[in-house]
Number of protein chains: 2
Amino acid sequence: MTVSKTPPDHDASSVEPQDMEDMEGLRQAIELLFFAYRDFTAEPDAILAHYNFGRAHHRVIYFVGRNSGITVSQLLDILQITKQSLARVLRQLIDEGFIEQRQDLGDGRRRLLHLLDKGVEIEALLTARQAARIAAAFAAAGADAPQGFKDVLRGMINKKDRQRV
Amino acid sequence: MTVSKTPPDHDASSVEPQDMEDMEGLRQAIELLFFAYRDFTAEPDAILAHYNFGRAHHRVIYFVGRNSGITVSQLLDILQITKQSLARVLRQLIDEGFIEQRQDLGDGRRRLLHLLDKGVEIEALLTARQAARIAAAFAAAGADAPQGFKDVLRGMINKKDRQRV
DNA sequence: AAATATACGTCAGCCTTGTTGACATATATG
DNA sequence: CATATATGTCAACAAGGCTGACGTATATTT
């Protein structure tokens, strides 16, 4: 392996374009988002591992729980993954009795997804953990912080999906 | 395939434990976080694909850029992945001339990581895109929103890493 | 009624990025 | 000199993305 020998540097202060005076604040936001999301997902991931499930299962369970009777294609719109990727985890969730699909009486091509008891249970557990983390952060921040938090997140979402939440 | 036939239901309103009166707001936050992070990462991912890089490369480039001279183990602490996972992408980044490692003169076991020109360039591009998205969201939200946004995110990070940002 | 479009499922194979476990080397430190 | 630390690497595996191809049931259009 080739390793060059040089004194440790500290890269002084780098030049920032003047039209980006607030770059530092934006970089802070980028990093906070990384760390927060990292820890926000790590906790559910650990729980899911007990069921031999992963983050992909979590997403499906969550959004089916939140939108009972959602169709497969609506779920695909939310997750923005391919149907093959969804099929893999959905099949497991159905086979293992966490989710049930019923045929839509109006349009027989559609499969309406519903959580079964086991699904409701794990959804509640996972959501409770994530909600608790957010609730703690809300409580620690100022009273106006939750609104600011949500408003900024909403603004970060592509227009098309902003009205979803 | 077995599909039960039942009329479409709307699952009425589910029961919420009374100690979680604000559950709706917390669920909103959970979903906003999901959608915002999804779109926040999708844009860089698309750019990185042109270089045959992925999200893992982005993280390394970003944090090496932000912490010039960072060691491998410090980077591992941030990313919270195994050294083998890091090694795979780091090797590519070094081989392809995006990152350089220099030996620490104080402690010769350490490798200090630095962006090379190509690395600086792509880092700037990716960060500019993400910063622009956040800047737009900041501008669209109220003047106090950015502070609330950051405060809540900070509160969501595990204590150990809160002081990082 | 026939043709086409839509919703969904599935098979096969590939890639990235995470994991574990084992082991090697250089350098620091006790 | 012995041990601990920082790093690198090989091998194998799993999760969860992807593409492409194809099948079937149901709706819709012609």
Side-chain angles (χ1 to χ4, degrees), chain A residues 1-5 8 37-38 41-42 44-46 48-61 64 69-95 99-113, chain B residues 1-5 8 37-38 41-42 44-46 48-61 64 69-95 99-113:
Chain A
M1 186 180 331
T2 334
V3 176
S4 64
K5 295 226 178 195
Y37 202 78
R38 184 196 67 176
T41 49
D45 284 354
L48 289 154
H50 298 320
Y51 295 79
N52 282 311
F53 287 159
R55 201 174 293 184
H57 301 83
H58 185 187
R59 292 187 189 121
V60 172
I61 288 169
V64 170
I70 192 176
T71 67
V72 170
S73 40
Q74 285 168 345
L75 195 47
L76 286 175
D77 280 347
I78 288 177
L79 300 177
Q80 292 194 183
I81 57 176
T82 59
K83 67 173 174 175
Q84 295 93 326
S85 291
L86 173 57
R88 188 162 34 205
V89 295
L90 187 53
R91 183 105 309 276
Q92 285 178 271
L93 290 167
I94 290 168
D95 288 348
I99 286 181
E100 176 191 46
Q101 46 186 184
R102 309 177 191 155
Q103 196 168 39
D104 184 340
L105 292 191
D107 183 339
R109 294 169 302 181
R110 297 201 174 115
R111 303 285 176 263
L112 308 181
L113 304 173
Chain B
M1 190 180 329
T2 334
V3 176
S4 63
K5 295 225 179 193
Y37 202 78
R38 184 196 67 175
T41 50
D45 284 354
L48 289 154
H50 298 319
Y51 296 78
N52 282 312
F53 287 160
R55 200 173 295 183
H57 301 84
H58 185 188
R59 292 187 189 123
V60 172
I61 288 169
V64 169
I70 192 176
T71 67
V72 171
S73 40
Q74 285 167 347
L75 195 47
L76 287 175
D77 280 346
I78 288 177
L79 301 177
Q80 292 194 184
I81 57 176
T82 58
K83 68 172 174 177
Q84 295 93 326
S85 292
L86 173 57
R88 188 162 34 205
V89 295
L90 187 53
R91 183 106 308 276
Q92 285 179 269
L93 290 167
I94 291 168
D95 289 347
I99 286 181
E100 176 191 47
Q101 46 186 186
R102 308 180 191 152
Q103 196 168 42
D104 185 341
L105 293 191
D107 183 340
R109 294 169 302 182
R110 297 202 174 116
R111 304 285 176 261
L112 308 181
L113 303 173

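Remember, it's a predicted structure, so these values are computed and weren't measured experimentally. Residue numbering restarts at 1 for every chain, and letters A, B, ... go by the order of the sequence lines. Just the heavy atoms: all of them, side chains too, but no hydrogens, waters or symmetry mates, feed the values below.
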query: D:dT24 P sits how many Å from A:Asp107 CG, rounded?
result: 20 Å
- request: Nearest whole angstrom, please: distance from the P of D:dA6 to the CG of B:Leu112.
  value: 13 Å
field: A:Arg110 side chain near A:Gln103 side chain, heavy-atom distance below 4.5 Å
entry: no
Most 5' of A:Asn52 and A:Ser85 on DNA chain D, judged by nearest nucleotide: A:Asn52
- prompt: Has A:Arg59 got a side-chain N or O lying under 4.0 Å from the OP1 or OP2 atom of D:dG17?
  reply: yes
Distance-only donor-acceptor test (3.5 Å): side chain B:Arg109, base D:dT7: no
task: Under 4.0 Å between any heavy atoms, over every strand shown, what does B:Arg55 touch: base, sugar-phosphate, or nothing? Just pick one.
output: sugar-phosphate
message: Can you see if the side chain of B:Gln101 gets near the phosphate of D:dG8 - specifically, an N or O under 4.0 Å from OP1 or OP2?
response: yes
field: Base of C:dG21 paired with side chain of B:Gln84 (donor-acceptor, under 3.5 Å)
entry: yes
query: Using a cut-off of less than 4.0 Å, is there contact between a side-chain N or O of A:Thr82 and OP1 or OP2 of D:dC18?
result: yes
- request: Starting at atom CG of A:Leu79, determine the distance to atom P of D:dG16, rounded to an integer number of angstrom.
  value: 12 Å
- prompt: Which atom pair, heavy atoms only, marks the closest approach of B:Arg38 to A:Leu79?
  reply: CD-O, 4.4 Å
- prompt: For A:Ser73 and C:dC8, is the shortest distance between a side-chain N/O and OP1 or OP2 below 4.0 Å?
  reply: yes
Phosphate-side-chain proximity, A:His57 and D:dG16, N/O vs OP1/OP2 below 4.0 Å: yes
- request: Starting from P on C:dC8, measure out to CZ on A:Arg102 and report it in whole angstrom.
  value: 16 Å
- prompt: Can you list the steps and then say if A:Val64 with A:Leu90 is a side-chain contact (heavy atoms from CB on, under 4.5 Å)?
  reply: CA-CA 11 Å; A:Val64 170; A:Leu90 187 53; 5.7 Å; no
- request: Using only heavy-atom distances, decide whether a donor-acceptor pair under 3.5 angstrom links the side-chain of A:Arg91 to the base of C:dG9.
  value: no
query: Has the side chain of B:Arg111 got a donor or acceptor that lies under 3.5 Å from a partner of the other kind on the base of D:dG8?
result: no
- prompt: Want to settle it: does A:Phe53 or A:Lys83 sit nearer the 5' end of DNA chain D, counting the closest nucleotide to each?
  reply: A:Phe53
task: Would you please confirm or rule out a distance under 4.0 Å between OP1 or OP2 of C:dG13 and any side-chain N or O of A:Arg88?
output: no
- prompt: So which nucleotide from C:dG9, D:dG16, C:dT17 ends up closest to the side chain of A:Val89?
  reply: D:dG16
- prompt: Taking CD from A:Gln92 and C1' from C:dG9, how many angstroms apart are they, rounded to a whole number?
  reply: 15 Å
message: Please determine whether side-chain contact (heavy atoms from CB on, under 4.5 Å) holds for the pair A:Val72 and A:Lys83, giving the CA-CA distance in whole Å, both sets of side-chain angles, and the decisive distance to 0.1 Å.
response: CA-CA 8 Å; A:Val72 170; A:Lys83 67 173 174 175; 5.6 Å; no
message: Rounded to whole Å, please give me the gap between CG in A:Leu86 and C1' in D:dA15.
response: 15 Å
query: What is the distance from CG of A:Leu75 to P of C:dC8, rounded to the nearest Å?
result: 10 Å
Heavy-atom side-chain proximity of B:Ile78 to B:Ile70 below 4.5 angstrom: yes
- prompt: Hey, are the side chains of B:Thr71 and B:Leu112 touching, using non-hydrogen atoms and a 4.5 Å cut-off?
  reply: yes
field: Length of the CD-C1' vector between B:Gln103 and C:dT27, whole Å
entry: 8 Å
